[in-house]
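Inspection log for the structure reproduced underneath, given as structure tokens.
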Amino acid sequence: MKLTKQLFLVGIAIIMLLAACSNNTSSKKEENPKLDEEALANVNETGFPIVKDPLTLKVFTGKSAQNVNSDWNDILIWNTYAEMTNVNLEWEQIQTDSLEEKRNLALAGGNLPDVFFLSAMPTLDLFKYGKQGTFLKLNDLIDQYAPNLKKLMDENPEIRKAITFPDGNIYSLPSIVSPDFMSVRIASRPWFSQEALDAAGMEVPETTEEFYQFLKASKEKTGKIPYGGTSMAEFVSWLQGSFGVSNKGVRNANIDVNPENEDEVRFYATSDDYKALLEYVHKLYSEGLVEQNIFSIDWGQYLANASEGKYASTVFYDPIELFGDEIGSDYVSASALKGPNGHQEFSKVAPSVSSIGNFVITSENPNPAATVRWMDYFYSDEGARLYYMGVEGETYEKTADGKYVYTDKIVNSAEGLTMEQELAKYLTWLGGIQGIIKQEYFQGSENAPTSLEAAEKITPYVPEEIWPAFLYTEEENRFLSSTGADINKYVAEQRDKFISGDLPFSEWDNYVETIEKMGLEELMKIHQAAYDRYKKE
Amino acid sequence: MDAKPETTIQTQVYASSRLKRAKKNLLLNWQLYVFLLPAFTYFTIFHYIPMYGVQIAFKDFYANLGIVGSPWIGFEHFERFFNSYYFWRLLKNTIILSAYGLILFPLPIIFALALNELKNGPFKKWSQTLTYAPHFISVVVVVGMLVAFLDPVTGLVNHIVVTLGGEPIRFLTDPDWFRHIYVWSGQWQSLGWGTIIYLAALAGVNPELHEAARVDGATRIQRIIHINIPSIFPTIVVLFILNIGSFMSIGFEKVLLMQNSLNAETSDIIQTFVYQTGLIEGQYSFAAAIGLFDSVINIILLVLVNYLARRVSNNSLW
Amino acid sequence: MKTFSLSDKAFDIMNTIFVAVITLIIVYPLIFVISASISDPDAVNSGRMWLWPVDVSFAGFQRVFQNDAIWVGYKNTIIYTIVGTLLHLLVLLPCSYALSRKELKGKKILLWVILITMLFSGGLIPTYLVVQSLGMLNTIWAIVIPGVVGAWSILVAKTFFEQTIPDQLVEASKIDGASDFTIFRKVVLPLSLPIIAVMALFHAVGLWNQYFNALIYLSDESLYPLQLILRQILILNEVSAEGIAGGAGTAQSFVEQVKTASLVKYAVIIVSALPLLIVYPFLQRFFVKGVLIGSVKE
């Protein structure tokens with residue numbers, strides 16, 4: 001018995017050892033992108049086509065929900081662009097469900113694509129694999145072959161800052177929202193029901209006090225729910241600017257700049273401003289002025305209520321577009337409220353660089369220069385137009401007053417599909433921003449007249465500077481993903497508890513102390529270092 | 001059974017005779033070993049060969065270097081997990097949630113015994129099919145239904161509560177309610193499905209035993225307690241022990257859907273924590289480390305419970 | 001001679017009531033799901049619909065069957081389920097039977113080998129690499145072979161064999177000169193209908209609902225099983241923040257989309273579960289009380 005047992009165990013060990021040895025995947029460690037002489041010679045420095053001899057690239061991309069039925073290997077936009085550039089793409093489209101696994105498998109299984117496109121690449125991965133050379137360093141390539149992107153970066157230095165890692169390198173091309181396309185950067189915005197305003201005998205509130213009065217009046221005089229939204233976090237995000245909180249935008253959780261020292265980062269979640277914000281929201285919630293199930297409501301419920309006009313005020317996207325003409329036209333837009341301490345900011349704004357990992361060139365790529373040129377077009381006006389509007393005459397047309405709109409066949413689908421579904425047959429931008437998205441070359445709910453109007457009202461109150469997501473070293477990241485994540489989680493949980501009343505404000509000092517004990521000082525050192533790097537560039 | 005040999009000569013003789021006996025057994029029962037072949041070949045290829053992947057829990061995973069090539073970081077992932085502010089809460093919640101579910105273990109057995117007593121006919125067929133159907137409802141829909149019924153304002157349950165003169169209960173955000181709702185809605189969904197295996201076991205009960213008991217004047221309940229249950233007892237024990245083997249591995253999708261910051265005190269479990277860290281930055285090896293931690297606890301519990309089962313009931317897994 | 005005592009009758013009545021009550025409680029979500037799949041979504045979401053359909057609409061089902069892909073999905077899933085279940089039984093039954101025999105030596109190790117596979121796993125990447133190196137990617141084998149048998153089914157089936165196959169029977173057959181193979185085929189299998197039926201059912205249901213293997217190992221859409229196709233339909237119709245921010249289209253269409261998304265969610269469940277629910281009663285007769293009467297007597 002013992003002997004067979006031993007033999008058996010040895011057998012298993014041998015098998016495992018063999019397997020382990022045989023699995024040494026070779027990794028190509030590149031120091032600098034090997035700019036192949038031949039490949040370079042094939043590239044046209046400017047103009048189209050991009051390459052003299054046809055080039056084929058294997059591209060790995062995520063497949064968003066809207067694109068589930070479209071085959072990118074045969075679709076108008078890529079067909080058109082392939083003809084222009086002489087670059088053919090072989091798309092491997094992966095459903096979002098398995099995107100992370102498949103991405104890791106692509107890296108591990110020795111089956112590296114030439115490009116990772118819209119693959120939800122984590123920032124840390126960009127850095128990890130960039131340092132190894134698996135993802136190419138793009139600094140020089142951009143200088144030489146990406147004039148459009150370079151121009152954008154020169155005009156808006158925060159773009160370059162947002163994509164440069166602590167080692168000074170750029171490992172991916174960004175997805176950009178044109179800085180002046182505020183409507184997209186604001187995302188959802190506040191709306192007030194005119195009917196409720198009339199019943200309350202008020203104008204659109206401009207201060208937090210007026211808003212409170214409006215909510216009370218709506219509750220008493222109308223049958224509507226004074227405020228309802230898709231989440232409490234969103235409501236707070238709108239109101240935070242009225243208390244001077246998150247004064248540099250929403251991209252970096254829980255930090256903004258110290259109002260008394262521009263060079264210092266502040267952890268606003270322990271500040272008095274933030275406490276005042278929570279106390280205000282708590283007051284609203286405890287008096288029944290906010291929909292009581294806002295902490296657990298799901299989108300279906302919210303939309304069902306909203307499209308029946310149940311809300312006197314809400315924060316959402318364009319009401320006419322989304323709730324229909326009848327209910328939607330009752331809503332009037334608002335902007336930032338003035339808080340009790342005089343702050344009046346609309347800080348619920350995303351930075352212009354919406355994502356930094358959507359275009360990665362790998363060490364397998366046969367012609368990185370051509371690839372960069374390929375993507376660079378989409379940072380130009382014509383490229384943005386191609387990506388978001390399509391081909392003139394086919395998918396879009398120019399109106400008399402110079403606007404670009406989708407053609408009739410898109411808007412009124414022959415098969416009874418929604419505009420989105422019809423669009424997905426020709427274009428690929430749905431569900432993922434790439435290149436640069438500009439107001440003139442876009443048609444979506446953010447472009448609806450009421451939404452644009454609202455954006456104009458809001459823009460004056462948007463902070464001068466909106467921070468992109470800061471980039472950290474590997475060591476800093478280790479701290480951020482452990483203690484940092486725990487602290488952010490604690491802040492989020494306690495925020496909701498303070499607001500709902502589950503936690504009384506007498507516990508505030510305890511709350512602050514707990515965060516400090518968890519490691520706040522260390523955390524702020526890291527954020528400060530990142531901010532210092534950001535400022536230096 | 002095997003006495004400990006005292007001298008080396010005796011050991012040698014002993015060892016060689018054991019080998020001989022093993023060979024003899026092999027020859028005698030070679031067919032039985034052939035029966036084992038397909039399953040064990042499968043396990044070797046698809047479970048043991050990939051098993052080297054377990055070491056990823058001790059590494060900083062770089063996909064392009066592969067699991068073997070990635071650098072070792074020892075117990076760093078585990079330290080990070082143990083040092084987390086939330087470690088004890090996660091552990092506590094996971095254990096309590098799992099244990100609570102385990103307490104309901106007898107329910108499918110009772111229901112199976114009841115179904116078994118029904119006379120064959122349409123009522124029996126229908127009740128079985130209907131009770132096992134909820135097993136197919138997706139988690140998303142189940143939670144959607146719960147949210148709809150338990151809504152503090154529009155939910156059916158609160159309508160009843162208010163009509164009876166009470167205050168609406170915040171089922172969905174009250175940490176005290178989370179566990180009850182989670183576990184009982186789970187039972188609601190899985191009771192019928194859980195009876196199937198017991199029904200099959202009951203089909204093997206010797207009817208002669210029932211005849212004899214009936215002649216002796218035993219009532220139905222007595223017969224169930226003294227014949228049915230003992231007959232299926234080995235099955236019950238095996239299923240219970242296997243259940244323990246996945247104690248820490250609670251399916252997380254449902255918890256994730258029901259979780260919010262207000263009930264996090266009780267709804268925050270290990271699996272959802274891992275999932276959420278993975279959303280921030282892909283944390284492949286960290287997730288693997290925690291999975292390993294869960295497995296180790298599972299195995300300890302498994303051995304423990306098996307030992308207890310053997311002592312108490314003479315039935316066990318091995 | 002059967003005598004029905006009074007207590008027996010009382011028991012029958014109580015038992016029937018008990019089962020009926022439980023069934024009614026459990027059947028409620030089923031009725032809800034069926035009603036919800038054909039009701040107006042606003043009524044469902046606002047809580048107006050709680051039992052019977054309100055404002056009947058078949059848009060959900062239309063959306064599901066709109067795409068021909070769903071029939072391909074059904075076909076593939078049926079094939080995968082049948083092939084996979086047969087393979088499962090082929091691998092499982094002999095193995096469990098052998099493990100149930102006292103004369104098998106080394107049982108403890110063997111059981112531990114199996115248990116360990118239930119407790120520890122190498123993870124996705126190594127398993128994927130094995131599947132890849134065997135050339136099984138994008139074939140039916142990637143669906144039916146990984147997971148073809150598991151510790152749970154082996155151990156439960158082993159227990160069944162230990163309980164229902166009397167030792168004397170096997171001994172007697174051996175004395176008559178039968179080999180293990182013969183005994184298994186001619187004696188054991190006929191006696192094991194309940195366990196075969198149950199294991200077949202569990203595995204078939206598992207395969208029918210399976211989704212992850214297909215997601216990872218298949219890239220050819222013509223091989224997609226039902227669940228994958230249904231999932232595509234589901235997310236295509238889902239409404240989310242990304243969908244809206246990316247441009248939702250005209251007012252009419254968005255509201256419509258939200259409505260059908262809700263219906264689709266329920267329709268998908270029915271479409272996927274119905275075939276199984278229909279098949280179940282046919283399998284059920286194999287593990288009904290009394291199926292073994294007469295077969296044990298030799």
Side-chain angles (χ1 to χ4, degrees), chain A residues 1-4 12 15-21 23-25 27-28 100 103-110 112 120-125 128-129 132 134 232 291-293 295-298 300-301 477-478 480-483 485-490 492-497 500 502 514 518-519, chain B residues 2 15 18-19 21-22 26 44 48-53 55 60-69 76 79-81 83-86 143-144 147-148 150-155 168 170-175 257-258 260-265 268 273 276-284 286:
Chain A
M1 183 64 152
K2 272 203 204 120
L3 202 55
T4 32
I12 295 247
I15 293 177
M16 285 175 63
L17 208 63
L18 281 174
C21 291
N23 202 55
N24 229 339
T25 47
S27 59
K28 290 206 195 131
E100 196 199 324
R103 209 180 51 227
N104 276 321
L105 284 169
L107 285 161
L112 220 53
M121 186 68 71
T123 309
L124 188 56
D125 277 11
K128 267 167 77 160
Y129 298 114
Q132 301 229 324
T134 310
M232 178 52 84
E291 194 169 24
Q292 295 293 292
N293 61 3
F295 291 105
S296 56
I297 197 172
D298 72 22
Q301 281 174 294
N477 264 308
R478 257 197 282 281
L480 287 173
S481 12
S482 52
T483 310
D486 278 353
I487 290 180
N488 286 342
K489 185 174 151 114
Y490 183 75
E493 268 180 38
Q494 307 308 92
R495 175 198 68 213
D496 283 354
K497 290 217 197 111
S500 70
D502 283 355
T514 309
M518 283 168 83
Chain B
D2 295 305
R18 281 192 88 184
L19 197 59
R21 266 192 288 152
L26 212 71
T44 310
Y48 281 97
I49 289 187
M51 195 68 87
Y52 71 89
Q55 62 186 290
D60 186 10
F61 182 60
Y62 283 77
N64 62 330
L65 298 176
I67 292 175
V68 181
E76 220 178 276
E79 276 166 18
R80 176 176 141 193
F81 179 49
N83 287 331
S84 166
Y85 178 77
Y86 291 104
V143 176
V147 169
L150 302 173
D151 188 283
V153 178
T154 59
R170 293 161 188 267
F171 294 106
L172 302 169
T173 49
D174 189 338
L257 288 169
M258 291 176 66
N260 52 59
S261 39
L262 295 180
N263 65 14
E265 277 309 306
D268 204 14
F273 176 75
Q276 279 154 352
T277 48
L279 289 178
I280 306 171
E281 301 277 5
Q283 302 267 356
Y284 202 77
F286 181 64

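Sequence lines set the chain letters: A, B, ... in the order given, protein chains first and strands last, and positions in each chain run from 1.
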field: Contacting moiety of B:F81, where chain A heavy atoms sit under 4.5 Å
entry: neither
message: Between A:S500 and chain B, with a heavy-atom cut-off of 4.5 Å, which part of the residue counts as in contact: side chain, backbone, both or neither?
response: side chain
task: Determine the minimum heavy-atom distance between B:S261 and A:A492, stating which atoms define it.
output: CB-O, 4.2 Å
message: Quick check on the interface: out of B:D151, B:N260, B:T173, who has the most heavy-atom pairs with chain A under 4.5 Å?
response: B:D151
query: Quick one: OG on A:S482 to CD on B:E79, what's the gap to the nearest 0.5 Å?
result: 11.0 Å
message: Are B:R170 and A:F295 packed together at the side-chain level, in the sense that at least one heavy-atom pair is separated by less than 4.5 angstrom?
response: no
task: Please determine, by modelled atom types, if A:D486 and B:S84 share a side-chain donor-acceptor pair under 3.5 angstrom.
output: yes
Separation between CG of B:L65 and CD of A:Q132, rounded to the nearest 0.5 Å: 4.5 Å
message: Among A:M121, A:M232, A:K489, A:Q494, which residue has the highest count of heavy-atom pairs closer than 4.5 Å to chain B?
response: A:K489
field: Any donor-acceptor N/O pair, B:Y86 side chain to A:Y490 backbone, under 3.5 Å
entry: yes
Greatest number of heavy atom pairs closer than 4.5 Å to chain A - which of B:L262, B:L172, B:N83: B:L262
- request: Side chain from CB out, backbone as N, CA, C, O: work out which of these in A:Q292 comes under 4.5 Å of a heavy atom of chain B, or both, or neither.
  value: both
- request: Show your reasoning for whether side chain to side chain contact (heavy atoms under 4.5 Å, CB included) applies to A:T134 and B:Y62.
  value: CA-CA 11 Å; A:T134 310; B:Y62 283 77; over 6 Å; no
- request: Indicate yes or no for a side-chain donor-acceptor contact from A:K128 to the backbone of B:F61 under 3.5 Å, with no hydrogens or angles considered.
  value: yes
Max heavy-atom pair count under 4.5 Å with chain B, selected residue of A:L105, A:L112, A:L124: A:L124
- request: Could you tell me whether the side chain of A:Y129 and the main chain of B:A63 form a donor-acceptor pair under 3.5 Å?
  value: yes
statement: Taken to the nearest 0.5 Å, the spacing of A:D125 CG from B:N64 CG works out to 10.0 Å
field: Residue B:N263 versus chain A: region with a heavy atom under 4.5 Å
entry: neither
message: Contact between A:S481 and B:R80 at the side-chain level, heavy atoms closer than 4.5 Å - yes or no?
response: yes
task: Would you mind checking which part of A:N293 comes under 4.5 Å of any heavy atom in chain B, side chain (CB onward), backbone (N, CA, C, O), both or neither?
output: both
